[in-house]
Amino acid sequence: MKLFLDTANIDEIKALKDTGFVDGVTTNPSLIAKSGHDLMDTIAEICELVSGPVSAEVTATDADTMLKEGLKLAAIADNVAVKVPLTEAGLMTCKTLSDQGTMVNVTLCFSAAQALLAAKAGAKFISPFVGRLDDIGSDGMTLIEEIVTIYANYDMPTEVLVASVRGVQHVVDAAMMGADVATVPPQVISAMFKHPLTDKGLAAFLTDWEKTGQSIL
Ligand code: E4P
């Protein structure tokens with residue numbers, strides 16, 4: 001499973017990009033606003049830092065303007081994935097951009113029916129928001145299971161990109177279900193490193209090593 005970083009913060013991306021597990025980046029208008037920086041400049045900088053897909057979201061709501069915005073975003077770099085919302089206008093834009101060879105990430109997906117339509121519109125990625133479904137008492141991961149099954153039934157090439165990830169268990173569940181990608185906030189990546197037995201084991205090894213009086217270098 002690929003891991004994308006869910007942030008528009010350049011420092012966070014720089015800190016993790018050399019680990020080897022950053023396969024792409026996702027942004028959205030809220031993350032751009034939080035970064036306090038210009039959208040076009042930020043996407044260009046991220047695309048230089050990371051070679052995998054970098055999602056940049058349109059903000060228009062009608063198909064004509066969405067397409068113009070999408071073309072402008074796609075022109076920033078070859079690895080831009082244009083993000084469109086799961087609306088009728090968004091899916092029309094998805095079809096046009098995908099037919100032209102541009103990667104499209106269809107976002108704000110909350111049902112399997114929506115995911116089926118996005119795949120038929122040629123989306124490269126579908127982004128179901130698991131955390132926001134959990135927030136309203138639904139089960140976000142059940143939606144992932146449904147979409148993975150439907151796409152597999154028909155060999156649909158659209159990649160399931162698990163979004164709105166809130167914790168490590170979402171990432172593990174996504175991998176167990178065979179999702180293609182999880183986009184993960186940096187704080188959840190940090191939590192993925194951690195296990196109390198790792199810390200305890202390392203402390204014991206270092207204490208025992210010190211007793212030997214040896215040094216490797
Ligand atoms: C990423 O593509 C999504 O926009 C993001 O994961 C949404 O996360 P949130 O629900 O925590 O805002």
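By convention here, the first residue in the shown sequence is residue 1. This is a predicted model, so every value here is computed, not measured. Remember, it's 1-based here, ligands and their atoms both numbered in the order they're listed.
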Quiz prompt | Backbone or side-chain N or O of Ser127 under 3.5 Å from ligand 1 N or O | solution = no
Quiz item: Which atoms of ligand 1 are found less than 4.0 Å from any heavy atom of Thr26?
Solution: 1 (C), 2 (O)
Exercise. Verify whether one side chain among Ser127 and Asn105 offers a donor that lies under 3.5 Å from an acceptor in the other.
Key: yes
Self-check item: Proximal atoms of ligand 1 relative to Lys83 (non-hydrogen, under 4.0 Å)
Solution: 1 (C), 2 (O), 3 (C), 4 (O)
Self-check item: Ligand-residue contact atoms, ligand 1 with Arg166, heavy atoms, under 4.0 Å
Solution: 9 (P), 10 (O), 11 (O)
Quiz item: Would you say the side chains of Thr26 and Ser55 form a donor-acceptor pair under 3.5 Å?
Solution: no
Quiz prompt | Protein contact to atom 6 (O) of ligand 1 [nearest heavy atom, distance to 0.1 Å] | solution = Asp6 OD2, 2.6 Å
Quiz prompt | Per-atom contacts, ligand 1 versus Phe129 - under 4.0 Å to a heavy atom | solution = 3 (C), 4 (O), 7 (C)
Quiz prompt | Non-hydrogen side-chain atoms of Ile32 and Asp38 separated by less than 4.5 Å | solution = no
Quiz prompt | Smallest separation among heavy atoms of Ala56 and Thr27, with atom names | solution = CA-OG1, 3.8 Å
Exercise. Check each atom of ligand 1 against the heavy atoms of Asn28 and keep those under 4.0 Å away; list them by number with element.
Key: 3 (C), 4 (O), 5 (C), 7 (C)
Quiz item: Considering only heavy atoms from C-beta outward, does the side chain of Val168 approach that of Lys194 to under 4.5 Å?
Solution: no
Practice problem: Could you tell me whether a side-chain N or O of Glu69 sits under 3.5 Å from a main-chain N or O of Thr59, the two making a donor and an acceptor? | Solution: yes
Quiz item: Applying a strict 4.0 Å limit to heavy atoms, is Glu57 in contact with ligand 1?
Solution: no
Quiz item: Can you tell me which residue and heavy atom of the protein come closest to atom 12 (O) of ligand 1, and the distance to 0.1 Å?
Solution: Arg132 NH2, 2.8 Å
Quiz item: What residue and atom, counting heavy atoms only, is the protein's closest point to atom 8 (O) of ligand 1, and at what distance?
Solution: Ser164 CA, 3.4 Å
Self-check item: Shortest non-hydrogen separation from Gly90 to Thr87 and the atoms involved
Solution: N-OG1, 2.9 Å
